[in-house]
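Hydrogens, waters and symmetry mates are skipped; everything else that's a heavy atom, side chains included, is used. Remember, it's 1-based here, ligands and their atoms both numbered in the order they're listed. These numbers come from a predicted model, not from an experiment. All residue numbers refer to positions in the sequence shown, counting from 1.
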Amino acid sequence: MVLRDNIKVIAPNCKGNMPWQQPFGNELIWRYAGNPIVDRNPTPSIARVFNSGVLPYEDGFIGVFRADHKDIIPDLHLGRSLDGIHWEIEGSPIVFVDKAGKPIKSDYAYDPRLVKIDDTYFVIWCTEFYGPTLGLASTTDFKTFVRLSNPFFPFNRNGVLFPRKIDGAYLLFSRPSDNGHTPFGDIFLSRSYDLEFWGQHEMVMRAGGNWWQSLKIGAGSVPIETDKGWLMFYHGVTLTANGKVYSIGASLHELHNPAKVLLRSRDYILTPELPYETIGFVPNVCFPCASLCDKEGRICIYYGGADTTLNICFTTVQKIYDYLLNNSYVF
Ligand code: BMA
């Protein structure tokens, strides 16, 4: 028996036009025919743009991009777009300042997620503090980015903030890790009342079970609020004789306490298949860091391909929910 139930988006993050392409057939998820939307060497200083955060802003879209420079060191660059597909990316990195306005220099910065909470935009990314950990900064105008002073210990990656507080607390998914290319990793939830002090940690999801997500998992895009729970796209990693393979899965989390997983995809929903996913600086990587969703439930996911390109694919909240109802595996 095929289970179906209607699902409604409570808080779309995209109100106007959004990047969209009709499905070719009955697909659960389908790639944009014009991928990659950001290809190699987009500016003279940048070699590759991939895992990046995107949101609607003013009359178009704004993005905080992971940009690996020609010395291979990653940094974060701002970009703007009218349609969410064609991007103007700034040639110089974002300058983060402390609360006194003094620029903060960091060795590297990568995998940003961008979220709007009330009237403030937050960027959370992976950076250096005696090892890889999370950097956190806020902006209201995308000109001044004020960075908090080391709110997290090393080692931690894949930080994703929720788009609203619950019971007065900011919520964060993150993935405790190690100093290298971590061969393990589960998703945890943490809470904070001021963004500086984090606690009340809970385990959310463990790697394991299905082979595609057996080595490690990490939160991906900012969760989408629906009447059935928070819908999130995450990455799952398997280890092969040829190295790691990063695929995309989906999960649904309880509205009041997202540490509770209601549904989680048994199979991947997208895995490296096309050349811009299978060939590149790191082959076989699909890595989601952002998703746009409108009130009709249309979704556009932004994902890095092979640590080399930025791509988009599409689905709908209803399709993912129906899929999860029939293909879930919580362990
Ligand atoms: C992870 C992160 C991602 C990257 C992936 C594949 O550990 O570094 O930025 O896309 O590895 O190389």
Side-chain angles (χ1 to χ4, degrees), residues 35-40 46-54 63-69 71-77 93 106-114 123-129 131-135 152 154-160 173-188 207 212-222 233-249 268 270-291 301-313:
N35 278 344
I37 60 167
V38 184
D39 211 338
R40 285 180 189 268
I46 300 174
R48 291 168 285 111
V49 159
F50 44 112
N51 313 338
S52 302
V54 169
V64 176
F65 293 89
R66 170 177 177 159
D68 286 17
H69 293 180
D71 54 8
I72 315 196
I73 299 175
D75 213 330
L76 305 184
H77 289 230
S106 63
D107 291 350
Y108 60 79
Y110 67 83
D111 294 1
R113 273 74 167 187
L114 182 61
V123 187
I124 186 161
W125 71 98
C126 186
T127 189
E128 162 77 15
F129 174 60
T133 190
L134 301 170
F152 305 101
F155 305 101
N156 202 358
R157 293 188 179 97
N158 295 303
V160 173
F173 280 158
S174 71
R175 210 275 304 284
S177 56
D178 70 5
N179 205 10
H181 298 288
T182 319
F184 60 87
D186 308 314
I187 299 175
F188 286 75
W212 72 270
Q213 52 183 335
S214 59
L215 186 73
K216 55 179 172 174
I217 55 174
S221 55
V222 172
F233 299 102
Y234 66 97
H235 69 261
V237 186
T238 191
L239 186 61
T240 73
N242 191 40
K244 299 189 182 84
V245 177
Y246 285 69
S247 305
I248 301 178
Y268 57 72
L270 196 88
T271 199
E273 286 173 358
L274 293 199
Y276 53 81
E277 300 160 344
T278 57
I279 302 168
F281 190 72
V282 180
N284 297 316
V285 181
C286 291
F287 198 96
C289 285
S291 52
I301 302 172
Y302 288 78
Y303 68 100
D307 287 10
T308 303
T309 56
L310 184 65
N311 306 287
I312 51 177
C313 61

Going by atom types alone, do T240 and N242 pair a side-chain donor with an acceptor below 3.5 Å? no
Any N or O of D307 that comes nearer than 3.5 Å to an N or O of ligand 1? yes
Answer side chain, backbone, both or neither: which part of N51 comes under 4.0 Å from ligand 1, heavy atoms only. side chain
Is the ring pair F287/Y246 parallel, tilted or perpendicular, if the boundaries are 30 and 60 degrees? tilted
I'd like to know if the side chain of R175 reaches the main chain of I217, judged simply by a donor and an acceptor atom lying under 3.5 Å from each other, with no hydrogens or angles considered. yes
the protein heavy atom lying closest to atom 8 (O) of ligand 1 turns out to be Y110 CE1, 3.8 Å
Do the side chain of R66 and the main chain of G304 share a donor and acceptor less than 3.5 angstrom apart? no
Where does the angle between the aromatic ring planes of W212 and Y268 fall among parallel (under 30°), tilted (30 to 60°) and perpendicular (over 60°)? perpendicular
Any heavy atom of R66 under 4.0 Å from ligand 1? The part involved is side chain
Has K244 got any heavy atom lying under 4.0 angstrom from an atom of ligand 1? no
Closer than 4.0 Å to some heavy atom of V282 - which atoms of ligand 1 meet that? 12 (O)
Under a 4.0 angstrom heavy-atom cut-off, which atoms of ligand 1 come close to D111? 2 (C), 3 (C), 9 (O)
